Structures are given as structure tokens and as C-alpha cells.
Novice: 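Have a look at this one.
Residue numbers start at 1 and run along the sequence shown. Just so it is clear, the structure is predicted and the values come from calculations on it, not from any experiment.
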Amino acid sequence: MKDMAMDAPDVVLLHSNDIHSRLEQAAKIAAYIEETRLTYGADHVLTLDIGDHMDRMRVETEASDGLANIDLMNAAGYEAVTFGNNEGLTFTPEQLAEAYGTRASFQTICANFYQTSDGARPSWLLPHAIIRKGKLRIGLIGVTAAFSEFYTLLGWHATDPLAAVAEQAALLRPQVDVLVVMSHIGITLDRRMAAGIAGLDLILGGHTHHLLEEPEVIGRTSICAAGKFGEYLGRVEIKLDAATGKPIIRAECVPMDERSQQPEAAALIGGFMADSGRRLGRVITVLSEPMPASAEHESPLGNLLAAGLRRKADAEIGIVNTGQLLGGLAAGEVTAGDLHALCPSPVNPCRMKLTGTEIRLSLEEALQRTFIDKPIRGFGFRGVVLGTLAVDGLDIRYSLDRPDYCKITSIMACGQPLQDDRDYIVGTIDMFTFGVGYEKIKLGTEVSFYLPEFIRDVLEQELQDADAVADSRRQRWIMD
């Protein structure tokens, strides 16, 4: 950070976002936080997290219901956090209460989040906080992305985050020297917030994984963000201007990759890894023969997942991309840890109506390499490529010698020829409703979601059904 016409800062604010359970990076961040407190004194350092610290793809997070992440933040001395969709949508209200209400030693702040049961916030959640550091009164407002349709299914009501910030800012501005928004809503809304809401000094952003190595300034508001996965830690130095009483802000993002892990944090991670082996060692079933999986073509495990989605949704047809499965299952004992390893994505089942035409076009695309090999990032997906489509309730004949969108020669749906103009009830996954991957599926109507179940929970249920396992070996895609 370049020297400026200011003495030592009144406060050094350190902020992380979207770590997504890269726990080793969190341990490096803990070391940097410790060094900064030793340099400036704890009374002049404020440490915040802007959400999506947790990600259930990591076994320590999965097995501990997020408590591994909470303990790491406690040990690092975080003083306030807001939460992201990975916390709010992939953990139950009871698990969040245990994590933030019982386990956390920091304040949890989110102004646009309520319980649907009574319209109130849970006791562990604050709309704002005022923290004094040195001579500064720092006001904190937290907001998270309002995935209202999903949150309703979990018993939450998420409101417009910008309206919530405006309300809290009007309340806090007269009481504080510096007003900070902890914003897990993405860069587009952060910019709109800065331009449209008066009185904000600093917006610390997350959700869209944007890295701002220098602050973006709109009016009098500085926007900062530290990217993703703990690769950087945001650092903001704040000092009040002696003449105007306004905060002077200078900011940067500090790279973490070359730094060493804090030994205490590394020990915590090791302890949770050992505990996760015990919890995820639960035996689900014993297979008499292997169940292979492939992203490129039909396989028993993909068929089993498609059939499970059909049954879960009480649907006529099941459809899922095979890239959701990162591997197959060997013969012998299958544990909860095995399922987590091959299906780590926090993707939920859903039910919708699709026309025969939409189904047919999606199946045609499932035969094209541009779709099968398409890399996918985000939207809950923790795999590598999209893969082809695994199906149930359909029997498809095709020829690879025919041109694209004409490769399929016949489709039987529930024993009858697929009718292009008919609506079919389909069990599938929420990822498709975002328009990612097989985009025709986004056109589905009468969509309903199943939360908090993940597709690995569907697999677990199906693996305990001997008839379902046997039927998964029946071929759905037949080459002419």
C-alpha cells in the first residue's frame, strides 16, 4: 500500500468473503490477522467475514454441520459476520442456531432475514451493530442475497437487501463515525447501493466472487471485495480527517497463497478431519457388485440418481446431468463419506412440468460434445463438467451418425411415444432452473423445490432399495 498523507490508521479493518471452506486458506488468514493485531493492537483491528465461509463440499464442514468453520473464525478472532447463501440455504434453521447462536463468539448481522413463523429475527441475528475501535464508532449493517423462493421452504423470509440497508443506514448514520455494509449480494447491487443510498462510507462485498484490488469509489462510498476461496484478504485502513471529521479510506487486497498457516488453526482443521471420518463412516448399504458412473455416457449410478429424482418428485420422468457424480461406487460397504465424495454439490431436487419438445431438445443436446464437456462453475455445482443426461421413465434410441438435433430416432415416455405438445411431470435438480447447462429445462413451469434435501440424500435412499439398484442397470439409451 502506497504511503499517503496520513499517520498510522485509527483502525485496520480486515475482511474475508466467499472462502467456501478452503480451510487451509482460512488458517493462513488467521496468521495474518494475528500478525496485524500484534502490530497495531487488538483495539485498533476489526475483522469481518462477508459470507459463504462454509461449503458442504468440504468433509470437515459437512460432518460438523459448519461448526468447523465457526471454530476457525472464533479462533481467528472475527468480531462480526454476515452469512451467504451457502450458509442460509444448505443448513437447517436448527443447524444455523447451533452454529451462530450457541457456538459463535462473534456477532452475526443480517438486516434482511426473518423467520416466517413469527416475522421476527432469531435471537442470534442482529440487523446492525456498533463496534468501537480506538476512538472510532463503526456501524455495521449486514445483508444477504434474497433467494426468497428457496428460503421460504426452509422457514425464512428474505427481503429486499437495498431497502434493508437504507432503513438501517438512516438509523445508524447519526450514531457512528464510519458506516460499513457487509454485503453478500454481488457487485451489481453493491454499485446500485453506493449510488442510491446516502451515508455509506464502505461496502464490503461478496457473493459474485469479485476481486477489487483497489477500492471502487462511487460518490463518497468505497466498495471493496477480496475475490474467492481465501486467495486474498481485504485490508482497509481508516483514519478520520482532522479537518472534516470524515473517514479517509485506503484499501488493498493482500495475497495469502505464499503465507504460512497459523499452527493453532491447522490443528483445529486436523481435529475436525479426524472427527469427520467417524461421522461420515456411517454405512448406508453393502453392494454385491460395483456401480460405475460416467460423465460421458449412461451408467448405473447416474440412472439410479435419475430414478430417485423421479420418485422424490412423484414424477413421470427423471432427468439429471451425469456431471453431478464425480465417481462410482465399488462393491462392498458404502458409507456416507463415499456419497459425499462422489456427490459433494449442495444441489436440491425439484419438480416441474416440461413439454415433450423441451425434453426432446434437451436429450438431443445430451448427445453433443459441446454440452457433455461444458465446464460449469457456481450455481451449487461442485463438479467439473456438465456431462450427458441420465434419465428414468424414458427409453431413447439414437444414432451418432445423424446430424445434431436429429440424432434421436425414437423416445418412449412411460411406455408411450413422447408427445411434443404434452406437458410431462419431471423430477430434476434446482441447478437447471437457473438456466445453466441444459438451458431448455429452465423453461419448466409449476416448479417446486425440495429443501433441505440434497441429491446425495436421494442417492442414499435409492441405494437402500434392492429393486432400484437392480433396475439402474437397465439401459435407457440404446444406439441404433
Novice: Would you call R456-E62 a salt bridge at under 4.0 Å N-O?
Specialist: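 Salt bridge flag = yes for E62 with R456.
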Novice: For H184 and H53, run ring-ring contact (aromatic ring centres under 6.0 Å, His included): C-alpha distance rounded to whole Å, both residues' side-chain angles, the deciding distance at 0.1 Å, then the answer.
Specialist: CA-CA 11 Å; H184 195 87; H53 194 290; over 10 Å; no
Novice: Would you call K246 and D241 a salt bridge, using N to O less than 4.0 angstrom?
Specialist: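 So K246 does not pair with D241 through a salt bridge.
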Novice: Check R282 with E460, please: is the shortest side-chain N to carboxylate O separation under 4.0 Å?
Specialist: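 The answer is yes: the pair qualifies as a salt bridge.
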Novice: Can you label the angle between the F449 ring and the F150 ring as parallel, tilted or perpendicular, going by 30° and 60°?
Specialist: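 Tilted.
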Novice: Any idea which heavy atoms bring A30 and A76 closest together, and the distance?
Specialist: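 The pair with the smallest heavy-atom distance is CB-CB, 3.9 Å.
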Novice: Considering only NZ, NE, NH1 and NH2 on the basic side and carboxylate oxygens on the acidic side, decide whether R250 and E214 come within less than 4.0 Å.
Specialist: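 No, R250 and E214 are not salt-bridged.
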Novice: One thing to verify: whether E358 and K440 come together as a salt bridge, which I'm taking to mean a side-chain N less than 4.0 angstrom from a carboxylate O.
Specialist: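 So K440 does not pair with E358 through a salt bridge.
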Novice: Between D423 and K353, does at least one N-O distance fall below 4.0 Å, as a salt bridge requires?
Specialist: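 Not counted as a salt bridge, because no side-chain N and carboxylate O are separated by less than 4.0 Å.
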Novice: Apply salt bridge (charged side-chain N to carboxylate O under 4.0 Å, His left out) to the pair E296 and R369, showing each step before the final yes or no.
Specialist: CA-CA 9 Å; E296 297 192 355; R369 297 304 315 186; 3.4 Å; yes
Novice: Should E60 and R279 count as an ion pair when the cut-off is N to O under 4.0 Å?
Specialist: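 Answer for the salt bridge query: no.
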Novice: With no hydrogens and no angle check, just 3.5 Å: does a side-chain donor-acceptor pair link T433 and D430?
Specialist: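 Looking only at side-chain atoms, D430 and T433 do not form any donor-acceptor pair under 3.5 Å.
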Novice: Salt-bridged, R103 to D71, with N to O below 4.0 Å?
Specialist: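 Looking at R103 and D71, the cut-off is met.
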Novice: Check this for me: does any side-chain nitrogen of one of R311 and E462 sit under 4.0 Å from a carboxylate oxygen of the other?
Specialist: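 Looking at R311 and E462, the cut-off is met.
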Novice: Pick from N17, N85, D52: which one makes a side-chain hydrogen bond (donor to acceptor under 3.5 Å, both in side chains) with H207?
Specialist: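 Of the listed residues N17, N85, D52, the side-chain hydrogen bond (donor to acceptor under 3.5 Å, both in side chains) partner of H207 is N85.
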Novice: Flag the pair R351 and D314 as a salt bridge only when some basic side-chain nitrogen lies within less than 4.0 angstrom of an acidic carboxylate oxygen.
Specialist: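 No, R351 and D314 are not salt-bridged.
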Novice: Any ion pair linking D201 and R220 (charged N to carboxylate O, less than 4.0 Å)?
Specialist: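 Salt bridge flag = yes for D201 with R220.
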Novice: Please verify the inter-ring angle class for Y100 with F106; under 30° counts as parallel, over 60° as perpendicular, anything in between as tilted.
Specialist: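 It falls in the perpendicular class, over 60°.
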Novice: When you check the gap from the basic side-chain N to the acidic O, do E231 and R22 get nearer than 4.0 Å?
Specialist: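 No.
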Novice: Is a side-chain donor or acceptor of E453 paired with a backbone partner of N348 at a separation under 3.5 angstrom?
Specialist: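 No; zero donor-acceptor contacts below 3.5 Å.
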Novice: Report the C-alpha separation of W156 and Y114 in whole Å, then their side-chain angles, then the decisive distance to 0.1 Å, and conclude whether the ring-ring contact (aromatic ring centres under 6.0 Å, His included) test is met.
Specialist: CA-CA 6 Å; W156 299 115; Y114 304 85; 9.8 Å; no
Novice: How close do A111 and A164 get, heavy atom to heavy atom, and via which atoms?
Specialist: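 What the structure gives for the nearest pair is O-CB, 3.9 Å.
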Novice: Testing the basics here: between L211 and A226, what is the closest heavy-atom pair and its distance to 0.1 Å?
Specialist: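 Answer, listing the atom of L211 first, then A226: CD1-C, 3.8 Å.
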Novice: Please tell me whether S21 and N69 have a donor and an acceptor in their side chains that are separated by less than 3.5 angstrom.
Specialist: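 Yes.
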Novice: Quick one: closest heavy-atom pair of I223 and L212, and the distance?
Specialist: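 Closest approach of I223 to L212, heavy atoms only: O-CD1, 3.5 Å.
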Novice: Taking atom CD of Q175 as the centre, report whether more than 12 heavy atoms of other residues, nucleotides or ligands fall under 6.0 Å from it.
Specialist: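 Yes, enclosed.
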Novice: Would you say the side-chain atoms of D49 and S16 include a donor-acceptor pair closer than 3.5 Å?
Specialist: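 Judged by distance alone, the side chains do pair up.
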